[in-house]
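Here is how names work: the chains are called A, B, and so on, in the same order as the sequence lines, proteins then strands, and each is numbered from 1.
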2 protein chains.
Amino acid sequence: MASIKDVAAEAGVSVATVSRVLNDHPSVSAEARARVLAAVETLGYRPNAVARSLRTDQTHTLGLVISDVMNPYFTELARSVEEEARALGYSVIIGNADERPDLQDHHVRNLLDRRIDGLLVSPTDGGSPLMLDAVRAGTPMVFVDRWIPGVDVPVVRADGRAAVRDLVAHLHGLGHRRLAIIAGPAATTTGQERVEAFREALGAYGLELPDAYIGQGDFQAESGRLVTEGFLDLAEPPQVVFAADNLMALGALDAVRARGLRVPDDLALAAFDDVRWFVHTDPPITAIAQPTGELGRAAVRALVDRIEGRPGESVTLPARLVVRRSCGENPTPVQRSTT
Amino acid sequence: MASIKDVAAEAGVSVATVSRVLNDHPSVSAEARARVLAAVETLGYRPNAVARSLRTDQTHTLGLVISDVMNPYFTELARSVEEEARALGYSVIIGNADERPDLQDHHVRNLLDRRIDGLLVSPTDGGSPLMLDAVRAGTPMVFVDRWIPGVDVPVVRADGRAAVRDLVAHLHGLGHRRLAIIAGPAATTTGQERVEAFREALGAYGLELPDAYIGQGDFQAESGRLVTEGFLDLAEPPQVVFAADNLMALGALDAVRARGLRVPDDLALAAFDDVRWFVHTDPPITAIAQPTGELGRAAVRALVDRIEGRPGESVTLPARLVVRRSCGENPTPVQRSTT
DNA sequence: TCCGTCGGTGTAATCGATTCCACGAGCACA
DNA sequence: TGTGCTCGTGGAATCGATTACACCGACGGA
């Protein structure tokens, strides 16, 4: 592969001049510029990004560590992150933590070793020493979707409180009184928050959220299935299950199907995160939709701001309820997801 | 951030010795090794991967350019690729081409500039000059799922011919005679092959595949919807639609729903690619399942073989039919996906 | 005519690693 | 005792870029 020296030789100039042309520095004669460009063309030269990064201490690369690539929510997030980053002249390296703190650390370390310019993280846990060190060392960082409390890093996320209140209103209106939740890991902020929001919303109707109706999941489908089985085995099973993410809702659906029961007649179901497939499931699933694309883009903007020396602010966007048929026949007009 | 020089100073040895310890070169005294390790610890030193890559001309990184991240098939592929690569000591940088040749080229160029050790591609088109140049220049490469004919690069893919024959047998057994296909882009091998396999399988039953029953899609949901609308508008609409990927099947479902029709009564539906959600759609969708995880792993092994100077062979694995209810009531026992 | 300025250019240092080569000490063997 | 190893080590070149600095010629103004 041709290097800058080869180009310089071919064009009959010094490497400095070649470099100047490539970075369009003003003081280069039109003559020299033309010769360099011609040489670049004939040699098919492409600058070595590795060498450039070593010298400039910039990689123009963002690291994105997400909790689970197989989760359509994070896939969509990753996609919007990459798009916005590309528009701003950055590439993205994605690390998939699979909800495992050790894997998350592996990727963070790897990305840091590669000297990425900034890190976008949706933490799987409360923050490993490695991550905390990285923050302390001044690595530009932004949390997206989930965050680590007590750490001074901008957070870009959706606030689901209002939407959860709307959901509970909807459920209460349909006559449901025994409402259960499949929670995410307590080590994640979204895991905790969604339970809290749910409990609070129930409180407004004088309803309790007993411990037996809080199932501990891990944001993966299998845990949703297990928790739902547990609910169905209770002496007094809940009338509704609210899954804290779309995969656990899928698992809940599995559990209901496996017993030959029907949604919503035997058990109503709602989910946090709206995904495309929810329109086509049997029945279509009522869900809380996050402005995923907007979150990804805002996160990138905040991170790039930090990298380039600007403040870089936290952003909170509202989520909204999308009513379908999985909680019972619908007294209000059906809203459709615009995704 | 501490560099190797700082470590050398701290340990009271030369940078050469530090480097030897880090790459556990044999001829280092136990004494020196201990001092270096201690210095590494106290400084929290991590080798700069950028500098290392520049010197060794190896990045221990694989590039993966896939056609569409939002497609669960490719997501699963990406996941298995990353897993196997990690096991072999490589990282993966994913580029999402979104079925757009220009974006594909953008990512290939970017990856090449970063001097990745090898490239895994599922080409969106028949091969741009850039890609062809890369092959000619000797970049280790492997095609996965789709490939570019006439190029000497190993191909790792699933063969769906037998499964398509099984599908047609199943459909014929249910009494369907007017069968249509939503094809993928003709510029992709999978786009062409699936049509060919379908036509061939129909031939075995003396059935034709008229042009009116070949809808041109682009592997995205929206095209599946449009093509299906077209089919439904025909004077003699087909009885079955076979979508060449899972997203176009989703689009077809949209079209059928929008007209207030039912699957399979008004129109039967089958798809290439089995995804988790197909179990839960209304009705569950009959599909051809690829051994996606195995494909990803085999592709990585082939690529790493090439990189490390071993041959690196093509692999073809069989796909298989998974019968569900979307083509009509099932005369044979239901098979379940094991994914 | 002379001096200062400025545009265009090249030389060389630099980034942080790896690795070739040389060198000195210690040891075995003749 | 001298020769020739091996072992451990450091010095310095190198990878491919960027960029500070020096230099040279042309040109304008006094």
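For the atom pair CG (A:Leu120) and CG (A:Asp145), the distance works out to 11.0 Å, reported to the nearest 0.5 Å.
Positionally, the nearest nucleotide of DNA chain D for B:Val13 lies more toward the 5' end than for the other of B:Val13 and B:Arg115. Between B:Ser14 and B:Arg55, the residue anchored closer to the 5' end of DNA chain D is B:Ser14, taking for each the nucleotide with the nearest heavy atom.
Using a 4.0 Å heavy-atom cutoff across all strands shown, A:Ser27 reaches at least one base atom of the nucleic acid. Using a 4.0 Å heavy-atom cutoff across all strands shown, A:Asn23 reaches sugar-phosphate atoms only and no base atom. In this structure, B:Val18 reaches neither bases nor backbone, as no heavy-atom distance under 4.0 Å exists between it and the strands shown. Backbone-only engagement by A:Ala32 is indicated by non-hydrogen atom pairs under 4.0 Å involving sugar-phosphate atoms exclusively. When heavy atoms are screened at a 4.0 angstrom cut-off, A:Ser29 is found touching the sugar-phosphate backbone but no base atom. Across all strands shown, A:Thr17 has heavy atoms under 4.0 Å from sugar-phosphate atoms exclusively, and none from any base.
Atom NE2 in A:His25 sits about 11 Å away from atom C1' in D:dT18, given to the nearest Å. Rounded to an integer number of Å, the gap from CZ of A:Arg20 to P of D:dA17 is 15 Å. The CG-C1' distance, from A:Leu54 to D:dT19, rounds to 14 Å in whole Å.
A salt bridge links A:Asp98 with B:Arg79: the distance from a Lys NZ or Arg NE/NH1/NH2 to an Asp or Glu carboxylate oxygen falls below 4.0 Å.
Put simply, chain B comes within 4.0 Å of DNA chain C, heavy atom to any atom, from C:dC15 to C:dC20, going 5' to 3'.
Close to D:dT18, at under 4.0 Å from its OP1 or OP2, lies a side-chain N or O of A:Arg52.
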Could you give me the CA-CA distance, side-chain angles and deciding distance for A:Glu10 and A:Lys5, then say whether salt bridge (charged side-chain N to carboxylate O under 4.0 Å, His left out) is met?
CA-CA 9 Å; A:Glu10 171 82 16; A:Lys5 267 189 212 153; over 6 Å; no

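No more than 12 heavy atoms of other residues, nucleotides or ligands shown are found within 6.0 angstrom of CG on B:Asp57.
Tested against B:Arg301, the residues B:Glu294, B:Glu83, B:Glu308 include a single salt bridge (charged side-chain N to carboxylate O under 4.0 Å, His left out) partner, B:Glu294.
With a 4.5 Å cut-off on side-chain heavy atoms, A:Thr17 and A:Arg35 do not count as touching.
A:Arg100 and A:Thr124 are not linked by any side-chain donor-acceptor pair at a separation below 3.5 angstrom, with hydrogens and angles left out of the test.
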